[in-house]
S.K.: 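My questions will all concern the structure given below.
The figures here come from the full heavy-atom set of this structure, side chains too, leaving out hydrogens, waters and symmetry mates.
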Amino acid sequence: MKRDFLSLWDVTREEIFFLIDQALQLKRDWLQGTVKPLLRQKTLGLLFTKPSTRTRVSFEGAMHRLGGSCTFLSVQDTQLARSEPLTDTARVLSRYIDALVVRTYDHQDVVTLAQYASIPVINGLTDLCHPCQVLSDLMTVMEKKKRLDNVVVAWIGDGNNMAHSWINASARLGFRLNISCPDGYWPSAWVLERARQEGIADIGLYEDPVEAVKDAVVINTDVWASMGQEHEAEKRRKAFWPFQLNARLLAKAPKEAIVLHCLPAHRGEEITEDVLEGPQSVVFDQAENRLHAQAALLQWLLSS
């Protein structure tokens with residue numbers, strides 16, 4: 001039976017730890033030149049509405065390293081641009097490729113594609129969540145801190161799709177998650193309620209970012225205006241300014257805290273240059289780990 005990866009709700013706690021272990025092993029194998037081409041003759045489709053650097057290149061690189069191939073499909077260059085139904089697209093692509101990564105705006109689109117496709121469908125980002133990014137972030141925390149239990153993670157800034165993904169991660173794994181956002185920009189109440197009802201989440205909401213980071217050994221932020229919100233950029237900049245991740249805020253956290261950012265970063269807005277390039281930043285290790293975490297995910301979904 002095929003499996004999809006639309007959010008962390010599609011995997012168990014044990015499967016998350018398995019994928020992280022596999023990702024760390026694949027990273028070691030790559031450094032030693034011993035990666036096995038377990039996905040030879042497999043083809044991955046990438047169906048993207050939104051532009052991408054890390055998602056596209058990391059999936060392409062992961063697939064090639066595992067012996068498979070990729071085909072990139074911009075929505076504008078497919079019959080979807082001429083109103084072909086997603087239901088038809090899903091069934092046709094299932095006859096051509098072995099798995100499909102979708103990067104789009106409306107989360108319901110990936111749900112529909114997964115429902116009608118007979119192949120695994122992977123959420124490469126929607127406005128609701130970004131599970132591939134948070135999987136690699138969890139891998140990075142495990143790599144740097146050697147544990148995911150009993151850690152405190154802070155999310156500072158917008159209650160966006162990445163905040164939702166960290167909420168889902170807390171619900172699955174049970175670590176403490178402190179969220180601090182400007183008034184009016186909190187995460188979805190529905191996402192928070194589901195996490196509290198269905199998982200083992202330990203989540204706190206803070207108006208003051210200092211309170212959110214004071215015990216955190218992992219500090220996370222993201223852009224203040226995501227794709228599709230560019231018209232709100234100036235309004236958001238004013239609201240979010242007190243939530244900038246800068247040296248003053250970082251000094252309120254434990255000295256061993258690490259800084260994460262899923263990139264691209266707007267230096268001088270949500271994060272300052274000195275923090276992004278500073279000794280506590282693991283941002284570029286985090287970006288690299290997209291490759292290894294997604295290789296583990298693909299191997300798990302596609303290996304017989």
Side-chain angles (χ1 to χ4, degrees), residues 50-55 57-58 125 130 133-134 136-141 143-145 151-167 169-170 175-187 204-290:
K50 289 186 173 185
S52 170
T53 299
R54 279 152 291 278
T55 299
V57 178
S58 57
L125 178 143
H130 196 355
Q133 179 67 59
V134 82
S136 63
D137 294 352
L138 293 169
M139 172 193 172
T140 305
V141 175
E143 185 178 49
K144 302 300 181 183
K145 296 300 180 184
V151 299
V152 178
V153 178
W155 178 267
I156 308 298
D158 191 19
N160 60 11
N161 52 4
M162 279 308 307
H164 292 164
S165 295
W166 276 101
I167 291 166
S170 174
F175 58 79
R176 174 69 179 181
L177 177 63
N178 296 338
I179 300 173
S180 184
C181 307
D183 187 41
Y185 296 96
W186 294 101
L205 303 179
Y206 297 89
E207 295 180 356
D208 184 354
V210 172
E211 289 299 309
V213 305
K214 69 179 183 181
D215 298 316
V217 295
V218 179
I219 304 175
N220 241 307
T221 193
D222 195 3
V223 295
W224 291 339
S226 298
M227 283 178 281
Q229 298 173 335
E230 290 82 3
H231 62 288
E232 300 178 20
E234 187 56 37
K235 175 185 175 184
R236 284 173 168 265
R237 194 174 293 115
K238 292 176 182 176
F240 282 87
W241 194 253
F243 296 81
Q244 183 185 70
L245 181 47
N246 52 37
R248 292 189 303 278
L249 182 59
L250 187 57
K252 303 297 184 181
K255 288 184 169 48
E256 68 271 21
I258 59 174
V259 170
L260 300 180
H261 190 307
C262 62
L263 299 179
H266 294 164
R267 299 166 189 243
E269 290 190 8
E270 75 276 0
I271 190 168
T272 54
E273 177 88 11
D274 58 330
V275 171
L276 186 67
E277 297 289 355
Q280 291 172 266
S281 171
V282 297
V283 166
F284 294 102
D285 291 337
Q286 174 192 4
E288 177 191 344
N289 285 342
R290 288 290 302 275

S.K.: State which residues pass salt bridge (charged side-chain N to carboxylate O under 4.0 Å, His left out) with K145; sequence neighbours excluded, sorted by chain then number.
M.R.: none
S.K.: Checking S281 side chain against G278 main chain: does a donor-acceptor pair fall under 3.5 Å?
M.R.: no
S.K.: Just to verify, what does K235 make a side-chain contact (heavy atoms from CB on, under 4.5 Å) with, not counting sequence neighbours?
M.R.: Y185
S.K.: With a 4.5 Å heavy-atom cut-off, do D183 and E207 have their side chains touching?
M.R.: no
S.K.: Extract all donor-acceptor atom pairs below 3.5 Å that involve side chains of residues 214-223 and protein atoms in other chains or at least two apart in sequence.
M.R.:
from : atom 1 : to   : atom 2 : distance (Å)
K214 : NZ     : E211 : OE1    : 3.0
T221 : OG1    : I156 : O      : 2.8
D222 : OD2    : N160 : ND2    : 3.0

S.K.: Quick one: which of L276, V282, L250 gives a side chain to side chain contact (heavy atoms under 4.5 Å, CB included) with V259?
M.R.: L250
S.K.: Please name all residues satisfying side chain to side chain donor-acceptor pair (under 3.5 Å) with Q286, sequence neighbours left out, ordered by chain then number.
M.R.: D137
S.K.: Do you know which two heavy atoms are closest between C181 and G159, and how far apart they sit?
M.R.: SG-N, 3.8 Å
S.K.: Would you say CZ of R237 has more than 12 non-hydrogen atoms from neighbouring residues, nucleotides or ligands within 6.0 angstrom?
M.R.: yes
S.K.: Minimum heavy-atom separation for Q280 to A257, with atom names?
M.R.: NE2-O, 3.0 Å
S.K.: Is R54 close to L263 at the side-chain level, that is, under 4.5 Å between some pair of heavy atoms?
M.R.: yes
S.K.: Partners of Q244 by side-chain contact (heavy atoms from CB on, under 4.5 Å), sequence neighbours excluded?
M.R.: W224, W241, N246, T272
S.K.: Does W166 form a side-chain contact (heavy atoms from CB on, under 4.5 Å) with V134? I'd like the steps, not just the answer.
M.R.: CA-CA 7 Å; W166 276 101; V134 82; 3.8 Å; yes
S.K.: Indicate yes or no: at least one non-hydrogen side-chain atom of N178 is less than 4.5 angstrom from one of V153.
M.R.: no
S.K.: Side chains of Y206 and V213, heavy atoms from C-beta outward: is any pair under 4.5 Å?
M.R.: no
S.K.: Listing request: all side chain to side chain donor-acceptor pair (under 3.5 Å) pairs with a residue in residues 250-266, at least two apart in sequence or in separate chains.
M.R.: H261-E270
S.K.: Taking the side chain as every heavy atom from C-beta outward, state whether S180 and W155 have any atom pair closer than 4.5 Å.
M.R.: no
S.K.: Looking only at heavy atoms, which two atoms of N289 and T140 are closest? And how far apart?
M.R.: ND2-OG1, 3.0 Å
S.K.: Report the distance from atom CZ of R236 to atom CD of E232, rounding to the nearest 0.5 Å.
M.R.: 4.5 Å
S.K.: If you round to the nearest 0.5 Å, how far is CG of L205 from CD1 of I179?
M.R.: 5.5 Å
S.K.: Are the side chains of V275 and L249 in contact, using a 4.5 Å heavy-atom criterion?
M.R.: no
S.K.: So does T55 get a backbone contact from the side chain of S58, meaning a donor-acceptor N/O pair under 3.5 Å?
M.R.: yes
S.K.: Between S165 (side chain) and N161 (backbone), is there a donor-acceptor pair under 3.5 Å?
M.R.: yes
S.K.: What are the two closest heavy atoms between P209 and F243, and how far apart are they?
M.R.: CD-CE2, 3.8 Å
